[in-house]
Number of protein chains: 4
Amino acid sequence: MPSRLLSDKFCAVRAKRERRKEARPGELLDAALDLFVEKGFAATRSEEVAARAGVSKGTLFLYFPSKEELFKAVISENLAGRFEQWNAQFAAFQGSTPEMLRECVQIWWDNIGSTKVSGITKLMFSEGRNFPELAQFYREQFVAPAHELLRRILQRGIDRGEFAPVDLDLAVYTVVAPMVFLMLNRHAADICGDGRTPMDPAQYLALQTEFILAGLAAGPGQRKP
Amino acid sequence: MPSRLLSDKFCAVRAKRERRKEARPGELLDAALDLFVEKGFAATRSEEVAARAGVSKGTLFLYFPSKEELFKAVISENLAGRFEQWNAQFAAFQGSTPEMLRECVQIWWDNIGSTKVSGITKLMFSEGRNFPELAQFYREQFVAPAHELLRRILQRGIDRGEFAPVDLDLAVYTVVAPMVFLMLNRHAADICGDGRTPMDPAQYLALQTEFILAGLAAGPGQRKP
Amino acid sequence: MPSRLLSDKFCAVRAKRERRKEARPGELLDAALDLFVEKGFAATRSEEVAARAGVSKGTLFLYFPSKEELFKAVISENLAGRFEQWNAQFAAFQGSTPEMLRECVQIWWDNIGSTKVSGITKLMFSEGRNFPELAQFYREQFVAPAHELLRRILQRGIDRGEFAPVDLDLAVYTVVAPMVFLMLNRHAADICGDGRTPMDPAQYLALQTEFILAGLAAGPGQRKP
Amino acid sequence: MPSRLLSDKFCAVRAKRERRKEARPGELLDAALDLFVEKGFAATRSEEVAARAGVSKGTLFLYFPSKEELFKAVISENLAGRFEQWNAQFAAFQGSTPEMLRECVQIWWDNIGSTKVSGITKLMFSEGRNFPELAQFYREQFVAPAHELLRRILQRGIDRGEFAPVDLDLAVYTVVAPMVFLMLNRHAADICGDGRTPMDPAQYLALQTEFILAGLAAGPGQRKP
DNA sequence: AATGAATGAGAGTTCATTCAT
DNA sequence: CATGAATGAACTCTCATTCAT
């Protein structure tokens with residue numbers, strides 16, 4: 001069939017160029033994430049981003065109207081709701097709540113903490129004040145859903161008698177803080193390492209999680225006196 | 001008498017001026033710390049620092065040869081070690097080790113966490129990569145002594161049978177991480193808040209400390225299966 | 001029959017395309033004239049010209065090697081002298097010289113002043129300094145013949161006793177100036193209007209022509225006392 | 001007196017620098033007017049303006065926050081109302097209205113037409129469309145007062161029987177048009193010269209004025225048939 | 001012939017740093 | 001010592017122009 005042939009030819013001709021065109025934004029966003037995390041938003045020159053993506057300065061602005069919009073796109077791209085899936089996954093969880101929390105931490109580590117996406121948190125801590133609307137966006141898209149998920153897990157543990165009652169708002173932070181610490185330290189050249197042997201994040205996470213579980217099991221303050 | 005009056009006035013003016021003159025570097029460092037913490041190194045203009053210190057642009061460069069040297073001075077100046085005192089204080093501590101850890105956290109909070117000094121940590125996390133020598137300096141002056149102090153406390157607990165045996169290298173991080181989290185979040189416009197009620201750092205610290213103590217008491221991994 | 005239909009369609013499409021192909025340069029010149037007149041040469045983007053002509057950026061440069069050459073072509077193309085015809089027409093004129101002048105003005109208004117061609121004058125006034133060769137070309141092709149035609153008319157009036165003797169060089173400008181004024185004001189968003197009611201160019205022209213005729217009849221300076 | 005001495009010294013020390021500082025904006029505005037008129041706003045580079053004013057690029061932006069603001073300042077600076085004085089002057093005029101008109105034209109020529117202020121009109125014609133708010137400002141500050149002044153003069157002539165009745169709105173343009181023509185042609189490299197001998201604006205103005213007076217005396221249209 | 005993705009020189013603007021006063 | 005006007009390197013962004021498709 002001629003039409004098919006024509007169509008094939010058309011596709012072949014367009015293929016390479018189009019593939020690049022479609023791949024460009026992603027390549028640029030990857031490069032931008034790398035550099036922003038490494039050097040900070042302000043200290044990263046647009047041209048560097050372009051160069052790392054293998055294109056020229058001008059091309060960057062073909063896809064993103066400004067450096068700030070590029071920043072926003074980096075956030076959007078990488079924080080696009082993973083929470084839908086995770087919320088569903090944990091809603092269907094059958095095991096004990098301590099297992100649930102361990103799995104939650106593991107999933108976070110595998111998908112975010114150990115990947116370069118964790119750099120976004122570093123970015124927000126470093127540059128958030130200079131970009132309030134971005135900070136707000138980050139809070140809405142990432143922080144709030146995370147807090148909600150953790151609250152549901154903790155509440156489940158309390159409801160099932162696995163955890164002693166506890167101020168959920170605070171308890172959530174006991175889970176969040178180590179994650180944030182790992183994400184920031186990872187992208188700050190292990191600034192909080194003691195300079196001897198590097199800390200193993202997976203082991204730290206495991207220990208930290210057990211501490212949290214011990215604390216939740218014991219109930220807050222009961223051994224204070 | 002006019003001449004006397006004038007002379008007195010002149011002396012008064014001169015005295016104030018000289019007092020200010022000697023205070024200049026400190027005022028500039030204070031102003032710089034505030035602004036660097038708030039906006040980042042690159043995003044802070046030299047003129048702003050000078051203005052906040054109440055002097056002109058030129059005067060800043062009279063005391064610090066460059067913006068970068070100013071940054072280094074800000075870090076160095078504020079890292080004046082308090083560990084000598086603290087080490088002595090804790091070497092003489094008589095009570096239980098959990099009490100010791102609680103006091104340690106409290107002292108940190110009162111002297112560092114809740115004060116402007118916490119901004120130094122924010123700065124090191126944000127800009128450390130661009131100032132490797134400073135990062136190393138910070139690790140030596142601040143991180144290493146802190147880790148050592150905490151190690152000694154934890155070791156004391158184990159030695160006295162108050163804590164179960166634990167990997168000290170990892171356990172230290174369970175104490176450090178919440179501190180770092182608080183210091184950074186404080187200077188990042190509560191970027192990790194969920195946007196509802198702001199978290200109370202003191203309450204969070206208390207809960208987090210009890211969790212750590214529960215974990216240390218229980219021993220790691222014992223409830224894992 | 002599908003094939004016939006297709007074929008017909010194809011031919012129709014092709015025919016239209018070829019017709020367009022030949023029209024391309026003209027369409028581009030029209031678009032360029034519009035935009036250059038409206039926004040100036042520097043402020044007009046090549047892509048806009050192409051877009052208004054309904055082609056892509058690349059196509060523009062297929063027909064004109066540079067934006068500057070496009071500008072030159074816009075001027076040259078629209079300066080196609082009509083003076084041969086007009087000179088012949090006025091050489092054969094039979095009526096009175098005032099009638100002749102009125103007709104001259106009318107012809108100018110109908111063919112140039114009220115049409116897009118007037119934009120050329122706007123362009124030369126705005127950009128002439130940046131294109132000296134074009135300015136010279138414009139003077140030769142347009143200004144000089146116009147002045148000569150007007151001189152012949154005025155001389156005829158003097159010769160026939162209809163006009164008092166007058167410095168022809170100056171008198172020509174009294175005819176030219178209102179024309180230039182109208183052409184420029186037209187393309188400058190009525191910048192010389194007082195903001196109340198818009199001026200009617202035809203009425204203004206008529207009045208202005210009568211003033212000129214009155215002046216020519218009276219002779220210059222005679223009432224100066 | 002010491003205080004006087006001190007004050008003198010102070011003034012002497014400051015003098016040179018301050019004089020320059022106060023002169024800078026004016027020098028920059030002059031340079032900008034020259035270049036904008038000569039090359040157009042868009043085609044003039046900021047650095048050129050600075051260079052012509054004898055300063056560096058950065059200094060320009062010390063006094064004007066952007067190129068566009070510089071443009072606005074050029075307009076504002078040079079259009080500062082001269083009409084107060086002129087209106088008063090003509091309100092008190094005692095002679096005949098033809099004399100009044102001649103004087104009006106002369107004053108315009110001496111103060112505007114023959115000076116570089118006339119370049120502003122060129123600017124407005126060339127770039128006005130790209131800066132609508134500036135165009136409006138120009139109309140309000142310059143065009144409208146000028147039209148009103150001319151209307152009053154013409155009306156006086158009619159009232160005193162020196163001029164035949166005429167449509168004032170149109171008649172005003174017969175006076176304005178030659179002025180505009182001269183201002184534009186002057187700044188467009190005599191684009192409307194015929195290339196032979198340059199036209200003498202003063203002589204042209206005189207002749208043109210007499211034509212207008214002849215026309216006004218005769219009344220419009222009366223010799224049409 | 002036509003397209004539009006890509007380029008990179010160049011323009012506007014900022015700001016650390018200098019230095020005459 | 002202190003000032004702040006001046007500088008110019010560096011950065012973001014634009015757009016005329018090219019060329020693979």
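Chain identifiers are assigned alphabetically (A, B, ...) following the order of the sequence lines, protein sequences preceding nucleic acid strands; residue numbering begins at 1 within each chain.
Applying the salt bridge (Lys or Arg N to Asp or Glu O under 4.0 Å) test to A/Glu27 and every residue at least two apart in sequence or in another chain returns A/Arg20, A/Arg24. Every salt bridge (Lys or Arg N to Asp or Glu O under 4.0 Å) that C/Arg52 has, sequence neighbours left out, goes to C/Asp34. In this view, D/Lys39 and D/Glu48 satisfy the salt bridge (Lys or Arg N to Asp or Glu O under 4.0 Å) rule, not counting sequence neighbours. With sequence neighbours left out, the side chain to side chain donor-acceptor pair (under 3.5 Å) criterion links A/Thr44 to no other residue. Evaluation of the side chain to side chain donor-acceptor pair (under 3.5 Å) rule for D/Gln136 yields D/Arg139, D/Glu140 as partners, not counting sequence neighbours.
We find that CD of A/Glu48 is positioned 8 Å from P of F/dC11, with the value rounded to whole Å. The nearest whole Å value for the distance from the CG atom in A/Leu60 to the P atom in E/dA6 is 12 Å. In this structure, the CD atom of A/Glu27 is 15 Å from the P atom of E/dA5, given to the nearest Å.
Applying the ring-ring contact (aromatic ring centres under 6.0 Å, His included) rule to pairs touching residues 36-57 of chain D yields D/Phe36-D/Phe41, D/Phe36-D/Phe71, D/Phe41-D/Phe71, D/Phe41-D/Phe131, sequence neighbours excluded. Contacts classified as salt bridge (Lys or Arg N to Asp or Glu O under 4.0 Å) and involving residues 58-75 of chain C (residues at least two apart or in different chains) are given here: C/Glu69-C/Lys72, C/Lys72-C/Glu133.
Considering all non-hydrogen atoms of both residues, D/Ala53 and D/Leu28 come closest at CB-CD2, 3.6 Å.
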Walk along nucleotides 12-17 of chain E from 5' to 3' and tag each nucleotide B, S or - by protein heavy-atom contact under 4.0 Å, base first, then sugar-phosphate. SBBSSB
With Watson-Crick and G-U wobble geometry limited to distances under 3.5 Å, how should the secondary structure of DNA chain F be encoded in dot-bracket form, using | for bases paired to another strand and [ ] for crossing pairs? .||||||||||||||||||||
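Note on D/Tyr63: only backbone sugar-phosphate atoms sit closer than 4.0 angstrom, heavy atoms only; bases stay farther off.
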